[in-house]
2 protein chains.
Amino acid sequence: MEEAPHSDKSGDTVERILCAAAEVFAESGFPGARVDEIARRAGVNKAMLYYHVGDKKDLYEAVIRSIIVETAERLEEEIRQAGTPEDKMRIYMRRFAATLDENPLMPPIMMRELASGGTTLPRSALEGVARVISLIGGILDEGVAKGVFRPINPFLVHMMVAGAFIVYKVAAPVRERAEFIPEEVRRMPRELAGSVLGDVEEMVLRAIRK
Amino acid sequence: MEEAPHSDKSGDTVERILCAAAEVFAESGFPGARVDEIARRAGVNKAMLYYHVGDKKDLYEAVIRSIIVETAERLEEEIRQAGTPEDKMRIYMRRFAATLDENPLMPPIMMRELASGGTTLPRSALEGVARVISLIGGILDEGVAKGVFRPINPFLVHMMVAGAFIVYKVAAPVRERAEFIPEEVRRMPRELAGSVLGDVEEMVLRAIRK
DNA sequence: GGTTGGTCTAACTGTTTGGTTAGATATCTT
DNA sequence: AAGATATCTAACCAAACAGTTAGACCAACC
């Protein structure tokens, strides 16, 4: 499952393969992705995918794992450093938005993964999501204990924030392409960081504050 | 493109085909769906799909169109009857949630559609979405004019509501399957109507009220 | 300098899949 | 009842696709 790279050359090839795979899976999903296309974009012979990583499924799992696990860990670490519950909520939203901005391939992959019931989601990925939710649960509990938040389901909060962010990101191309959508909506930024994040932060905090 | 049914029998067959198609597209997405599988579930010979509806793409478009256009029209009609802006917002959320509950095939199809940049989204579907957004824009404007809402981007509000609802619906199987997710989250209802809708309504109104 | 082992390529294979066709059967029309 | 039209079936085809193979190349090491 895990290959031990025997030289720099090999490691580089593997990286190129995984990047190309992430790109193609993001664009077309697992069934839509063509192994030949991944090989073409990585600039390697198709047999190399099988030699270095494995079959189509192995490629997909490698991509998923790297994306989700990385996100969950970073989120946890940054939140640990914040002060008040409200600060922590802001950090959570800010960090989540930043991750999506920095890793634009993630939203479409996650959406498709959810759409197919997460049947191909590796265990480590599910654990990552669970950690994020219990993280928010902790923040909200602390807020309630300190009397600044009203009691609310952490999962719903995460659905609202993550749902809004992911759908916003992923809807960007559609929104920009459709001529009959109002001009001010079409010109909204692709990036979450900035006005979109600011507005969502404000709305969510108003929603949960006592 | 549009077949004129020449008998009840034909109409019935077409309906069975479209239902089966919606089911399979929802489960597997466009590239993952197998035409043979659709035919099998509809209980008709594969050639019948091509005879009555058209090729795979035509099948898909027919499914998408029926789902989205129907939703937009019903939403518009029900909102027209409500009173205050706050009532209208509640109706919009309630109606949207009800549509997703009644039509469980819609969320996965919509998500995948978005994930692939809506490239295969028929024009009529895009118009439906645009109508919903301008509908919300109208409600929010009215609320601002009456001094009950603070000015806020209608598209963002729709992203939050629709994003939360769709992601919530679609995440249900994953949430229920993962053992390490907290029990109280796993036991949350599959239906939006009820406590989930109530909580989201409350949160969204708090977020936009002056 | 030859042998070993990791890296890579071109060409191939077996299967799956979307789509077609030639013709059978039912239904309607006059 | 005869002909025409709509509905349906079984079998078929060509293209697309995931995955394989046999062997070339190249660096390191003895």
Side-chain angles (χ1 to χ4, degrees), chain A residues 1-64 109 112 116 119-120, chain B residues 1-64 109 112-113 116 119-120 122:
Chain A
M1 192 127 285
E2 195 78 338
E3 297 289 327
H6 295 262
S7 75
D8 284 2
K9 202 175 178 185
S10 160
D12 185 56
T13 304
V14 170
E15 197 159 330
R16 282 220 313 285
I17 291 173
L18 290 181
C19 282
E23 232 180 85
V24 176
F25 284 130
E27 281 169 26
S28 317
F30 182 80
R34 303 288 118 98
V35 176
D36 291 86
E37 174 67 12
I38 296 175
R40 199 185 59 75
R41 291 205 205 175
V44 304
N45 186 286
K46 182 168 59 152
M48 283 298 89
L49 308 192
Y50 291 90
Y51 176 68
H52 282 292
V53 186
D55 65 11
K56 194 181 177 184
K57 196 164 190 173
D58 294 330
L59 275 174
Y60 186 68
E61 283 190 14
V63 168
I64 291 274
I109 291 180
R112 268 192 260 258
S116 39
T119 42
T120 51
Chain B
M1 191 126 288
E2 195 77 338
E3 297 291 326
H6 296 261
S7 73
D8 283 0
K9 200 177 181 184
S10 160
D12 185 55
T13 304
V14 170
E15 196 159 332
R16 280 219 316 283
I17 291 173
L18 290 181
C19 283
E23 233 180 82
V24 176
F25 283 131
E27 282 169 24
S28 317
F30 182 80
R34 301 288 114 103
V35 177
D36 291 85
E37 174 67 12
I38 296 174
R40 199 186 60 75
R41 291 204 205 175
V44 303
N45 186 287
K46 182 168 61 153
M48 282 298 88
L49 308 191
Y50 293 89
Y51 175 70
H52 282 293
V53 185
D55 64 10
K56 193 180 178 185
K57 196 164 190 171
D58 294 330
L59 274 174
Y60 186 68
E61 283 190 15
V63 168
I64 292 275
I109 291 180
R112 270 192 258 258
E113 196 47 58
S116 40
T119 41
T120 50

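Chain identifiers are assigned alphabetically (A, B, ...) following the order of the sequence lines, protein sequences preceding nucleic acid strands; residue numbering begins at 1 within each chain.
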Q: May I ask you to evaluate whether Thr13(A) reaches the phosphate of dT7(C), defined as a side-chain N or O under 4.0 Å from OP1 or OP2?
A: no

**Q.** Under 4.0 angstrom between His52(B) side-chain N/O and dC8(D) OP1 or OP2
**A.** yes

Whole-Å distance between [N] [atom2] and [X] [atom1]?
| X | N | atom1 | atom2 | answer |
| --- | --- | --- | --- | --- |
| Met48(A) | dG6(C) | CE | C1' | 10 Å |
| Tyr51(A) | dA24(D) | OH | P | 17 Å |
| Arg40(A) | dT9(C) | CZ | P | 15 Å |
| Leu49(B) | dT9(D) | CG | P | 11 Å |

Q) Shortest non-hydrogen contact from Val53(A) to Asp58(A)? A)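 Smallest heavy-atom distance, with atoms named: O-CB, 3.8 Å.
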
Q) Tell me the salt bridge (charged side-chain N to carboxylate O under 4.0 Å, His left out) pairs involving residues 43-57 of chain A, sequence neighbours left out? A)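 Sorted result for residues 43-57 of chain A: Asp36(A)-Lys46(A).
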
Q: With the side chain counted from C-beta on, respond yes when Val35(A) and Tyr50(A) share a heavy-atom pair under 4.5 Å apart, and no when they do not.
A: yes

Q: State, yes or no, whether a side-chain contact exists between Ile17(B) and Thr13(B) at a heavy-atom distance under 4.5 Å.
A: yes

Q | Sugar-phosphate or base contact per nucleotide [nucleotides 10-22 of chain C; S, B, -; heavy atom under 4.0 Å] | A | B------SBBBB-

Please report, to 0.1 Å, the donor-acceptor pairs under 3.5 Å made by any side chain of residues 20-32 of chain B, with sequence neighbours excluded.
{"unit_1": "Glu23(B)", "atom_1": "OE1", "unit_2": "Arg41(B)", "atom_2": "NH1", "d": "2.7"}
{"unit_1": "Glu27(B)", "atom_1": "OE1", "unit_2": "Arg41(B)", "atom_2": "NH2", "d": "2.8"}
{"unit_1": "Glu27(B)", "atom_1": "OE2", "unit_2": "Arg41(B)", "atom_2": "NH1", "d": "3.0"}

